[in-house]
Amino acid sequence: AIVSMFMLVILFSLAGCNKNADVKIFLVDKNNIAIADTELIVQGISDKDVHDIYMIRSMLEGLCVRWATEHITQEQLEELDEIILLSEYHMDKGHSDQLTELDGRFHQILYEASQSRILDHVLSDFHKYVQLARRTSVKTEERAIKSIGEHNEILNAIKAKDAEKAGNLATIHIMHVMENLHIEEK
């Protein structure tokens, strides 16, 4: 009975690209009021951790984009269009750091557009958690071209108000990142 009244929420508080992460664990009641909180240090991120994060992220990104399709504003759509144009420009110039920033901003806009604080928080933390891997992903020109194309396909599905297609494309996009990084279940 007590278990049904509480849920365990794990939030990752990250320090840059460091493989050590503070993990905050909160025990909350059914109204999401914190009733206990403790901290521990996790030493290192294993290959399995990265695999698990990307698998969970692929599913949550799909859900996020489905919801974003329903709630996105015209201003957010215009910013996504601009990000794609800037990404193409920086890809042509070989500016991988700018591509990483633009990739992060593209996803952050979608997190915000979902209008879910929980999805925004969890996905933003996952995004930060695998930041080093993300930087590696867009450094290859072939992957950068595909990623920008995938972002464009997601955006077109959102503009068409096809939430199912947009969500599926977002899930596939994250799976492609995993393939590019050679992330396999260990």
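Because the structure is predicted, anything quoted here is derived from the model rather than measured.
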Contact summary for Leu169 and Ala157, nearest pair of heavy atoms: CD1-CB, 4.1 Å
Is there a side-chain contact between Leu123 and Arg57 in this structure, where contact means two heavy atoms from C-beta onward sitting under 4.5 Å apart? yes
Tell me, please, which residues at least two apart from Leu85 pass side chain to side chain contact (heavy atoms under 4.5 Å, CB included). Glu88
Output for pair (Ile72 CD1, Glu112 CD), nearest 0.5 Å, gives 10.0 Å
Pairs satisfying ring pair (Phe, Tyr, Trp, His ring centres under 6.0 Å), at least one member in residues 63-93, at least two apart: His90-His95
Heavy-atom closest pair, residues Val65 and Gly167: CG1-N, 3.9 Å
Pairs touching residues 152-177 that satisfy ring pair (Phe, Tyr, Trp, His ring centres under 6.0 Å), sequence neighbours left out: His107-His173, His151-His173
Going hydrophobic residue to hydrophobic residue with side-chain gaps under 4.5 angstrom, can you get from Phe106 over to Ile172? no
The complete set of salt bridge (charged side-chain N to carboxylate O under 4.0 Å, His left out) pairs with one or both residues in residues 161-178, sequence neighbours excluded, reads Arg66-Glu164
Sequence neighbours left out, what passes side chain to side chain contact (heavy atoms under 4.5 Å, CB included) with Met59? Give chain and number order. Met55
Carboxylate-amine/guanidinium proximity below 4.0 Å for Glu179 and Arg143: no
When rounded to the nearest 0.5 Å, the distance separating CG of Leu99 from CD1 of Ile83 is 12.0 Å
What's the separation between atom CD1 in Ile158 and atom CD in Glu70, rounded to the nearest 0.5 Å? 10.5 Å
Grab the two heavy atoms, one from Gly62 and one from Thr171, that are nearest each other, plus how far apart they are. CA-OG1, 3.4 Å
No-hydrogen, no-angle side-chain donor-acceptor test under 3.5 Å, Asp120 and Gln115: no
Quick check against the 3.5 Å criterion: does Ser114 have a side-chain atom that pairs as donor or acceptor with the backbone of Tyr111? yes
CD1 on Ile174 to CD1 on Ile53, rounded to 0.5 Å: 12.5 Å
Would you give the length of the straight line joining atom CG of Leu102 to atom CG of Leu80, rounded to the nearest 0.5 angstrom? 11.5 Å
Could you walk me through whether Met91 and Ile145 pass the side-chain contact (heavy atoms from CB on, under 4.5 Å) check? CA-CA 8 Å; Met91 188 208 43; Ile145 292 167; 3.0 Å; yes
Nearest 0.5 Å, what's the OG-CG distance between Ser87 and Asp92? 11.0 Å
Going through the checks in order, is the side-chain contact (heavy atoms from CB on, under 4.5 Å) test met by Asp103 and Ile148? CA-CA 8 Å; Asp103 175 78; Ile148 294 166; over 6 Å; no
According to side chain to side chain donor-acceptor pair (under 3.5 Å), does anything in residues 76-86 pair up with another residue at least two apart or in another chain? List the pairs. Thr73-Gln76, Gln74-Glu78, Glu79-Arg105, Asp81-Lys159
